[in-house]
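The first residue in the sequence is number 1, and the count goes up from there.
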Amino acid sequence: MKQFDQAAALLKLTASQTAMIKQPRKCVEVTLPIRMDDGTIKTFTGYRVQHNIARGPAKGGVRYHPNVSLDEVKALSFWMTFKCAVANIPMGGGKGGIIVDPQKLSHGELERLSRRYFSELEEMFGPDRDVPAPDVNTNPQIMAWFMDTYSMHKREHLPAVVTGKPLEIGGSKGRVLATSLGLLFATRRAVAANGEKMAGLTVAVQGFGNVGGNAAVLLHQDGCKILAISDQYGAFHNPDGINVPEAMKYAEKNNGLKGFESTKLAKKMADPMELLELKVEILAPCALELQLTKANANKVKARYIAEGANGPCDSDADEIFNKKGIFVIPDILCNAGGVVVSYFEWVQNRMGYYWSVDRINRELEDVMNIAFDAVYETQLQYNCPMRVAAFAVAIKRVSVASEMRGLYA
Ligand code: GLU
């Protein structure tokens, strides 16, 4: 909300304009009874929030995590509205979640939970209404179950109801890598804006899931030196640089970085949060929210922060980074690549015509560069931090759309 308010003040948004676009429009909570493999019934809580639909159908992932809450889903849906707007794709913002640790469920339990979630919320979803996608702990298989549940109920093949599907059933080429590739494009642009080159820059990446793992690979391919990586099993450091392709192979084989120190490719750090304080040029927080706060922001030594995660820095940390002159590439810009290729997937589903991966990546690069430049120019124009500039660009677009549509009652 502070992020919004700063940008709204800059734009001199009126109270009426703010009222139209700040709060989520629809929040639904459902209780999902699931038959477990042992025959007992357990209930889970699920949410879907539609924050804003002025520019198009709600768009945003579904997260499976024990710490999911309505507040978290609302915040994430808010970021989706402005992420889609900053990327200038014709979609609004939404988000969903289930309070669950999916690692504790069998394949069958996970399928029943996913299908029940989608069918309970069926009225909210639709290709022109609200289009979910993967987020933390959800994947193409889960999207396939969502799509199948919806299509079976509607008696129609409706792949555009969800994005991030497997390729075989209407997924898009390039979707899995998209968030990380977008992060790479945005980081390259930031580094170039400072007159620097990527090759040789040192990096620490927090999170080794779809976003962090692939970001580490792509930054490594660009000539950066990845000094540290981490996941839920710990942080791993090598001052000479980690062999990222090997780390990726290890994580795929072992379902994470548990025991990675045994490969001698890196040492396990005593406290995983120390990764954020390492002396590196680029810090890429690609895990969960609120990792950088007033407790540790002062100790950050990086010169660039590339936010692969949603909301990794709180507003106190932002203030500290601004004072220190750290170049923050804000989440709604930096990690927008995922939803941009989701949008391409939705377009392809509706056209019934599928693009090559070259076309996807080329168009993604264009969208990211145009978005970056709009934010960068706004930052220069208002002499404000990149995050405020990103919100200013996005809020303006949502507000104009909302005013043009008007209030119907
Ligand atoms: N979960 C991703 C995000 O937070 C992607 C959302 C989408 O593709 O709709 O941006």
Please name the pair of heavy atoms, one in Ile229 and one in Ala247, separated by the smallest distance, quoted to 0.1 Å. CD1-CB, 3.8 Å

Is any side-chain N of the basic residue among Glu196 and Arg303 closer than 4.0 Å to the acidic one's carboxylate O? yes

Please check: side-chain N/O of Glu111 versus main-chain N/O of Trp145, any donor-acceptor pairing under 3.5 Å? no

When rounded to the nearest 0.5 angstrom, what is the spacing between OH in Tyr64 and CG in Leu105? 9.0 Å

Looking at every non-hydrogen atom in both residues, tell me the closest pair between Glu109 and Arg35 and how far apart they are. CG-O, 4.5 Å

Can you tell me if Asn194 has over 12 outside heavy atoms packed within less than 6.0 Å of its CG? yes

May I ask you to say whether Glu246 pairs ionically with Lys249, meaning some side-chain N is under 4.0 Å from a carboxylate O? yes

Salt bridge flag under 4.0 Å for residues Lys95 and Glu72: no

Is a donor from one side chain sitting under 3.5 angstrom from an acceptor on the other, for Tyr117 and Thr149? no

For the pair Lys301 (side chain) and Glu277 (backbone), establish whether a donor and an acceptor sit closer than 3.5 Å, ignoring hydrogens and angles. yes

Looking only at heavy atoms, the pair that brings Gly92 and Cys84 closest together is O-SG, 3.5 Å

Given 3.5 Å as the limit, does a donor-acceptor pair link the side chain of Tyr376 with the main chain of Met386, or not? no

Counting the benzene-type ring for Trp, do Phe78 and Phe82 have ring centres under 6.0 Å apart? yes

Euclidean distance, Glu281 CD relative to Lys225 NZ, rounded to 0.5 Å: 10.0 Å

Measure from the side-chain N and O atoms of Asn383 to the backbone N and O of Leu380, and report whether any donor-acceptor pair falls under 3.5 Å. no

Do Glu319 and Lys294 pass the salt bridge (charged side-chain N to carboxylate O under 4.0 Å, His left out) test, and can you show the C-alpha distance, the side-chain angles, and the key distance before you say yes or no? CA-CA 9 Å; Glu319 231 171 83; Lys294 67 168 179 276; over 6 Å; no

Main chain of Gly170, side chain of Asn349: is a donor-acceptor contact present, judged purely on distance under 3.5 Å? yes

Exceeds 12 heavy-atom contacts within 6.0 angstrom, atom CG of Asp38: yes

I'd like to know whether CZ of Arg350 has more than 12 heavy-atom contacts from other residues, nucleotides or ligands below 6.0 angstrom. yes

Whether Arg112 and Asp37 form a salt bridge (side-chain N of Lys/Arg under 4.0 Å from carboxylate O of Asp/Glu) is what I want to check. yes

CE/Met152: more than 12 non-hydrogen atoms of other groups inside 6.0 Å: no

Between Asn210 and Arg175, is any side-chain donor less than 3.5 angstrom from a side-chain acceptor? no

What distance separates Met248 CE from Phe208 CZ, expressed to the nearest 0.5 Å? 5.5 Å

Neighbour count >12 (heavy atoms, 6.0 Å) for atom NZ, Lys324: yes

Kindly indicate whether the side chain of Leu283, heavy atoms from C-beta on, has any atom under 4.5 Å from the side chain of Leu292. yes

Please check this pair: side chain of Asp331 against backbone of Gly311, looking for a donor-acceptor N/O pair closer than 3.5 Å. yes

For Asp358, side-chain hydrogen bond (donor to acceptor under 3.5 Å, both in side chains) partners two or more places apart: none

Say you draw a straight line from NZ of Lys83 to CG of Leu333; how long is it, rounded to the nearest 0.5 Å? 10.5 Å

Residues which pass side-chain hydrogen bond (donor to acceptor under 3.5 Å, both in side chains) with Asp101, listed by chain and number, not counting sequence neighbours: none

How far does OG of Ser402 sit from CD1 of Ile395, to the nearest 0.5 angstrom? 12.5 Å

Are Ile169 and Asp148 packed together at the side-chain level, in the sense that at least one heavy-atom pair is separated by less than 4.5 angstrom? no

So does Lys22 have more than 12 non-hydrogen atoms from other groups sitting under 6.0 Å from NZ? yes

Salt bridge check, Lys258 against Asp231: does any charged N sit closer than 4.0 Å to a carboxylate O? no

Neighbour count >12 (heavy atoms, 6.0 Å) for atom CG, Leu121: yes

Would you please test Thr187 and Tyr304 for side-chain contact (heavy atoms from CB on, under 4.5 Å) and show each step? CA-CA 8 Å; Thr187 307; Tyr304 299 91; 5.6 Å; no

Met351 CE: over 12 foreign heavy atoms closer than 6.0 Å: yes

Scan side-chain atoms only and decide if Ser69 and Asp71 contain a donor-acceptor pair under the 3.5 Å cut-off. no

Is the backbone N or O of Val211 less than 3.5 Å from a side-chain atom of Ser180, with the two atoms forming a donor-acceptor pair by type? yes

Side-chain donor/acceptor of Asp316 to backbone N/O of Thr293, under 3.5 Å: no

Taking only Lys NZ, Arg NE, NH1 and NH2, and the carboxylate oxygens of Asp or Glu, determine whether Lys26 and Glu123 approach each other closer than 4.0 Å. no

The test is side-chain contact (heavy atoms from CB on, under 4.5 Å); show your working for Trp79 and Gln3 and say whether it passes. CA-CA 10 Å; Trp79 282 316; Gln3 295 175 353; 3.0 Å; yes

Mind checking whether Val162 and Tyr150 have side chains closer than 4.5 Å, heavy atoms only? no

Please step through side-chain contact (heavy atoms from CB on, under 4.5 Å) for the pair Thr163 and Lys59, ending with a clear verdict. CA-CA 9 Å; Thr163 60; Lys59 187 83 195 81; 2.9 Å; yes

Rounded to the nearest 0.5 Å, the CG atom of Leu218 sits from the CG atom of Leu184 at a distance of 5.5 Å

Are any of the side-chain heavy atoms of Tyr382 and Leu11 separated by less than 4.5 Å? yes

Can you check whether Ala215's main-chain N or O pairs, donor with acceptor, with His220's side chain at less than 3.5 Å? no

Please confirm whether the backbone N or O of Ile89 pairs with a side-chain atom of Arg55, one donor and one acceptor, at under 3.5 Å? yes

